[in-house]
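Okay, so here's the structure we're looking at.
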Amino acid sequence: MIRAGRLCRGLGLLRPRPLPDPAGGSAPPSRQLRTGHPQRRDLFSDLEKEVVKFRKKLRQSLPGSDWDPFGTTKGLPPERADVVIVGGGVMGWSVAYWLKALKPQKDALRVVVIEKDPTYSQASTVLSAGGIRQQFSLPENIQMSLYSAFFLRTINEHLGVVNEPPIDIQFNHSGYLFLASEDGAADLEENVRIQRNEGAEVSLLSPAQLKKKYPWINTDGVAVASYGLENEGWFDPWSLLNAFRRKAMSMGVSQCFGEVMSFTISSREIMTPEGELTFSRINYVRVQMPNSLEYQPVECSLVVNAAGPWSQKLAEMAGIGIGPPNTQEGIKLPVEPRKRYIFVWHCPDGPGLECPMLVDTTGAYFRREGIGGNYLGSLSPTEEEEPDIQDLEVDHNFFQEKVWPYLAHRVPVFESLKVKSAWAGYYDYNTFDQNAVLGPHPLVENMLFITGFSGHGLQQSPAAGKAVAELILDNKFSTIHLEKLSFNRFISGEQVLERNIV
């Protein structure tokens with residue numbers, strides 16, 4: 001789409017042609033018609049006024065939307081935005097939705113979401129196992145998942161779009177079942193105490209109770225188990241992502257497919273008690289369009305780093321972590337991609353419809369997938385076994401050598417199974433303490449993070465997106481107090497550890 005301003009400037013470059021003499025000759029000098037700039041300025045001044053009227057009428061005809069018919073060129077991001085969200089996964093779209101939901105006034109905020117992968121073929125959201133649980137060790141994680149469970153139960157009240165079918169995220173209400181050995185029993189019991197204090201409904205099971213409830217489990221080596229009685233299970237990740245996206249766009253959020261290549265930044269040095277520090281602001285986001293050499297600069301007030309596994313790379317573009325060692329400017333965002341496999345297998349004599357999401361003492365996990373005797377699961381590799389992240393190829397030997405022996409030991413009927421399919425996806429893995437990073441950077445004042453969830457991001461996206469939106473709009477957390485998850489803990493060196501990472 002050609003902008004009205006560009007159209008006028010383009011037409012303003014045209015040179016007026018002399019009018020021919022009706023008699024075929026040239027008009028005498030005293031009778032020349034002057035066609036200079038004054039008339040052209042009047043003409044296009046009137047045109048501009050008409051364009052303004054036209055835009056106003058269109059906007060008035062679309063109540064509740066901040067769509068601007070001349071504000072964007074098809075395929076390009078807008079030239080200006082209040083908030084640029086980099087990363088079009090479930091976190092990015094959750095923030096976008098909540099910015100509009102919490103500030104519903106027309107034209108309150110201009111928000112654009114930039115996603116580099118139009119196919120979403122490598123998106124962490126859609127490649128996840130889709131689980132939700134409250135069985136964490138950190139109160140903040142428990143609170144976020146409790147809120148998200150409430151949100152998912154009432155999803156159509158939040159994300160339903162007028163004249164579109166109701167949202168069905170295919171929520172399977174089956175609890176998580178964590179098994180602990182003698183060595184891990186005390187930690188599991190302490191986790192359950194914390195979970196109950198935060199309002200989660202979790203029961204403890206002895207080996208005898210576990211065997212009675214699930215006769216197909218081999219309880220050898222199990223000292224105690226915990227089972228989520230409500231608000232746990234699994235759902236379809238793509239359905240949640242698409243629901244956030246469709247609702248946010250219906251509320252006026254812009255979508256752009258392209259890759260952020262750099263930022264234009266302004267900086268200033270300030271003397272502090274810790275010495276001289278450089279404070280920066282991002283003024284422009286430079287976006288390269290897919291399959292093109294074309295770039296579009298986007299002027300912005302805030303940038304939300306929702307780039308998931310690639311959020312450290314995006315942070316470095318803003319100068320985060322590239323300063324001298326042992327300085328604030330040199331502290332990196334400790335989030336990196338970690339490849340994780342998911343396998344689907346068929347076992348007609350398997351646990352059946354009552355199968356929970358089982359997490360073994362070894363870390364291997366599985367759940368039912370549908371109702372046809374199919375199961376889905378895997379195991380996170382050790383630090384020494386971390387696979388190459390250059391691609392998403394699946395190492396099928398990992399299932400044969402690492403996963404299957406644990407599964408067959410815990411569920412003897414899994415001695416006979418057939419792997420049907422497998423895929424790999426990326427965790428946005430926080431190497432510091434395996435927990436989320438939420439909120440602003442202390443030196444790059446207008447970059448906010450929502451990343452580093454280390455495998456439990458999808459289930460916490462409704463709560464985390466709302467929290468970041470609250471920070472943007474009100475400069476504080478309101479629904480859940482998540483100050484402990486700020487970037488500042490990397491400066492102080494104080495870990496906020498989560499023991500229950502799957």
Side-chain angles (χ1 to χ4, degrees), residues 81-87 91-92 94-96 99 111 113-114 140 260-286 298-336 428-454 457 464-465 467-477 481-496:
D82 297 303
V83 181
V84 173
I85 299 171
V86 184
M91 288 297 175
S94 177
V95 174
L99 285 172
V111 182
V113 177
I114 300 173
E140 286 82 356
V260 173
M261 303 304 292
S262 63
F263 299 116
T264 301
I265 296 174
S266 59
S267 302
R268 68 190 189 280
E269 282 73 34
I270 296 179
M271 186 59 67
T272 71
E274 293 80 24
E276 188 175 79
L277 292 176
T278 301
F279 291 84
S280 305
R281 285 189 65 82
I282 299 169
N283 300 316
Y284 288 88
V285 180
R286 193 164 179 249
V298 183
E299 186 179 5
C300 62
S301 298
L302 285 169
V303 174
V304 176
N305 186 339
W310 319 113
S311 52
Q312 184 186 92
K313 178 182 176 183
L314 188 74
E316 289 176 348
M317 291 182 194
I320 296 170
I322 64 173
N326 302 317
T327 66
Q328 283 200 37
E329 291 95 335
I331 297 175
K332 293 182 178 293
L333 174 68
V335 176
E336 61 184 41
D428 53 339
Y429 193 82
N430 178 352
T431 59
F432 184 74
D433 58 14
Q434 294 79 61
N435 260 316
V437 188
L438 299 175
H441 188 268
L443 299 181
V444 182
E445 302 165 332
N446 62 338
M447 173 172 276
L448 284 83
F449 300 109
I450 180 168
T451 186
F453 290 83
S454 306
V468 171
E470 289 171 348
L471 272 182
I472 292 172
L473 298 173
D474 304 323
N475 202 33
K476 64 178 182 179
F477 295 117
H481 293 288
L482 300 172
E483 290 82 2
K484 287 171 63 175
L485 300 179
S486 76
F487 188 96
N488 289 335
R489 71 188 194 267
F490 309 137
I491 299 172
S492 66
E494 297 177 7
Q495 291 180 312
V496 183

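The structure displayed is predicted, hence computed values, not measured ones.
- With sequence neighbours excluded, no residue forms a salt bridge (charged side-chain N to carboxylate O under 4.0 Å, His left out) with Glu299.
- Here the side chain of Asp428 pairs no donor or acceptor atom with the backbone of Pro309 at under 3.5 angstrom.
- Applying the side-chain hydrogen bond (donor to acceptor under 3.5 Å, both in side chains) test to Glu470 and every residue at least two apart in sequence or in another chain returns Thr479.
- For Ala315, the side-chain contact (heavy atoms from CB on, under 4.5 Å) partners two or more places apart in sequence, or in a different chain, are Asn305, Ile320, Leu333, Phe449.
- Applying the side-chain hydrogen bond (donor to acceptor under 3.5 Å, both in side chains) criterion to Asn283, with sequence neighbours excluded, gives Ser266.
- Contacts classified as salt bridge (Lys or Arg N to Asp or Glu O under 4.0 Å) and involving residues 301-310 (residues at least two apart or in different chains) are not found.
- Between the side chain of Ser454 and the main chain of Asn430, a donor-acceptor pair closer than 3.5 Å is present.
- Looking at Leu438 and Phe453, their side chains come closer than 4.5 Å, going by heavy atoms from C-beta outward.
- Within the 3.5 Å criterion, the main-chain N or O of Ile282 finds a donor-acceptor partner in the side chain of Asn446.
- Residues passing the side-chain contact (heavy atoms from CB on, under 4.5 Å) test with Ser262, sequence neighbours excluded: Arg286.
- Every residue was checked against the side-chain hydrogen bond (donor to acceptor under 3.5 Å, both in side chains) condition with Glu276, not counting sequence neighbours, and none meets it.
- From Leu277, atom CG reaches atom CE of Met271 across 9.0 Å, with rounding to the nearest 0.5 Å.
- Residues passing the side-chain contact (heavy atoms from CB on, under 4.5 Å) test with Glu316, sequence neighbours excluded: Gln312, Ile322, Lys332.
- Listed by first and then second residue, the side chain to side chain donor-acceptor pair (under 3.5 Å) pairs involving residues 317-330 amount to none (not counting sequence neighbours).
- Annotation: side-chain contact (heavy atoms from CB on, under 4.5 Å) contacts of Glu336 (sequence neighbours excluded): Arg338, Thr431.
- Contacts of Arg489 classified as salt bridge (charged side-chain N to carboxylate O under 4.0 Å, His left out), with partners at least two apart in sequence or in another chain: Asp433.
- Taking the side chain as every heavy atom from C-beta outward, Tyr284 and Val298 never approach each other to under 4.5 Å.
- Listed by chain and residue number, Phe432, Phe487 satisfy the ring-ring contact (aromatic ring centres under 6.0 Å, His included) test with Phe490 (two or more places apart in sequence, or in another chain).
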